Every structure is written in structure tokens, then in C-alpha cells.
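Heads up: the structure comes next, in C-alpha cells.
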Amino acid sequence: MKNIFEFAEACLHRADIDEKLALTHQAWQLLQSQRLSLDSDRPVLPIVNVKFPDRPQLLAPRHMPQRKLTTPDGLIAFFHAIAHVEFVAIYLAWDILYRFRGLPDQFYQDWLRVADEEAQHFALIRAHLQSMQIDYGDLPAHSGLWEHATDTADNVLARLAMVPRCMEARGLDVTPAIIEKFKKLGDDTSVALLTRILTDEVGHVELGSYWFKFVCRQHGYESEAKYRELIREYYKGGKPKGPFNREMRIIAGFSNAELDWLEN
Ligand SMILES: [Fe+2]
Ligand SMILES: [Fe+2]
């Protein structure tokens with residue numbers, strides 16, 4: 001029987017993209033056929049061991065190419081940026097299940113499903129880039145995404161607050177308007193791709209909320225107060241900026257009180 005944490009180590013500590021996609025899918029298949037062990041007897045290696053490919057070159061956001069959806073270069077830059085978000089999301093899903101042990105089996109099963117969905121998102125966007133004669137890695141990408149993981153490597157609640165309940169939740173706020181723009185441009189392929197991703201992402205944020213509240217209950221924390229505390233501590237700049245997609249965030253497990261606090 002193969003072990004989930006062996007797969008996690010391979011996916012986090014090796015840079016090869018195609019191997020990572022294949023292993024992620026294989027692990028998910030094994031889990032579904034009850035042939036994946038969740039036994040946790042291997043040590044957790046530090047987050048500095050996580051390895052990314054040499055390309056794309058990672059640069060500060062100000063060095064990112066323009067992403068105007070109405071020009072061919074802007075469109076390519078936009079989808080390259082999305083590919084990078086999805087690629088890092090594969091790592092983020094593997095890392096949360098790898099680094100934080102002692103939670104119920106469902107925690108590991110849930111985040112493995114997320115890893116597989118992120119791998120699918122990445123593969124879809126990469127194929128779309130390839131149809132525009134470019135590959136993932138050909139442009140520089142945003143260096144900041146992984147920082148949320150390294151900042152929260154020792155705190156599962158901070159990880160859940162910052163990654164699904166902040167970064168991924170941001171996707172719920174901004175993606176619907178981008179889908180509308182593509183609709184107006186008559187770009188049905190982009191509409192279909194982003195709609196598929198948005199649907200799955202609601203589920204990822206929802207899992208983030210579920211496990212955030214679960215771990216809060218385990219420790220006797222009041223979850224709304226804990227969320228505010230962790231965002232204040234870990235979000236550089238104090239608080240994420242709106243506008244927030246209230247409707248989708250409520251579906252994804254945010255409370256009205258949390259949304260009021262974010263908005264004010
Ligand atoms: Fe995704
Ligand atoms: Fe996601």
C-alpha cells in the first residue's frame with residue numbers, strides 16, 4: 001500500500017511538473033479505491049525543502065507583464081498568471097495535508113481532493129496557453145504566493161485563515177467580473193475555463209472554513225474572533241481589500257459578522 005505522505009513528499013520536494021500532475025492524480029485514484037494509507041509515521045521535513053521548477057522566473061508583482069484581456073499579449077499574460085496561481089495551489093493543497101498531522105482522516109482526504117482539482121485546473125489552463133503558442137514558464141510569475149505558506153508553516157489555523165479563507169476567497173470576489181468581461185468579448189473558451197475553476201474554488205474555500213471552525217472548536221477558540229486575530233497578525237497590510245462577493249463567501253462558510261468586519 002502506498003502512503004499519502006510519501007506522495008506529498010514527492011510532489012513538494014521534486015520540481016518536475018508532469019510528474020507532479022501524474023502523482024497527484026494517482027494518489028487521488030488510490031484514495032478512492034481505498035488503496036492509500038494515511039498512516040503518519042514519517043517525520044515532517046521543513047518547508048524550506050519544498051522545490052519549485054527553475055521556470056517560471058519568480059519576480060515581484062511590479063515586474064509582471066500587463067494583463068489587458070483585449071490584446072493577445074495581455075490575454076497570454078493573464079492566463080500565464082492564472083496558470084501560476086493554480087500551480088502554486090497544487091503545492092498549497094499538498095503542503096497543508098503534509099505539514100499538519102494528527103487531524104481526522106477526512107482532513108487528509110479533503111485536501112488531497114483539492115490537490116487533484118488544482119492539478120486539473122493547472123492542466124486546463126496550461127493547455128489553453130499551449131493553444132496560444134506559449135507554455136507555463138515562458139513568462140515570469142508572481143513570487144509572493146508561496147510566502148503565505150512559509151509564513152504559516154507552523155500554524156494550521158493561520159494557514160487556513162490565510163490560504164483558503166483569504167487568498168482563494170479573493171478568487172471568489174474577482175473572478176465573476178472577469179467572466180463577465182470574457183462573455184462580452186465573446187470568448188467562450190475562457191468563460192468555460194474560469195467558470196469551472198470558480199465552481200471548484202467555492203468548494204475549496206468552504207473546506208477551509210469547515211476545517212478552520214473544526215480546529216477552533218478543538219482548542220476552544222471562538223472562530224470569528226480567531227479569524228480576525230490571525231488576519232491582523234498574518235495579513236501584511238492589515239486586512240484584505242474588498243469588494244467582497246458576499247453571496248459566494250456565505251456559501252463558502254463565511255459568516256455575516258466576518259464579512260461585516262472585512263468590509264469595515
Ligand atoms: Fe484552482
Ligand atoms: Fe483552490
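These numbers come from a predicted model, not from an experiment. Values reported hereafter were calculated over all heavy atoms of this structure, with side chains retained and with hydrogens, waters and symmetry mates removed. FYI, the numbering just counts along the sequence from 1. Counting starts at 1 for both ligands and their atoms, following the listed order.
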* To do: Answer yes or no: is there an ion pair linking E86 with R126, defined by an N-O contact shorter than 4.0 Å?
  => no
* To do: May I ask you to check if any N/O/S atom from E117 comes under 2.8 Å of the Fe ion (ligand 2)?
  => no
* Is the Lys NZ or Arg CZ of R113 less than 6.0 Å from the centre of Y108's six-membered ring, within 45° of the axis? -> no
* N, O or S atom within E118 nearest to the Fe ion (ligand 1), by name -> OE1
* To do: Please say whether the positively charged group of K20, taken as NZ for Lys or CZ for Arg, lies over the ring of W94, i.e. under 6.0 angstrom from the six-membered ring centre and within 45 degrees of the axis.
  => no
* Asked: Of all the N, O or S atoms in E168, which one sits nearest to the Fe ion (ligand 2)?
  -> OE2
* Asked: Taking the six-membered ring of F254, is NZ or CZ of R249 closer than 6.0 Å to its centre and within 45° of its axis?
  -> yes
* Asked: Do the ring centers of Y227 and Y221 come within less than 6.0 Å of each other?
  -> no
* Heteroatom of H121 nearest to the Fe ion (ligand 1) (N, O or S, atom name) -> ND1
* Structure fact -> To the Fe ion (ligand 1), the closest N, O or S atom belonging to E201 is OE2
* To do: Kindly indicate whether a cation-pi arrangement holds for R55 with F52, taking the cut-offs as under 6.0 Å to the six-membered ring centre and within 45° of the axis.
  => no
* Asked: What N, O or S atom of E86 is found closest to the Fe ion (ligand 1)?
  -> OE1
* For the Fe ion (ligand 2), decide whether D200 has an N, O or S atom at a distance under 2.8 Å. => no
* Which atom of H204 approaches the Fe ion (ligand 2) most closely (N/O/S) -> ND1
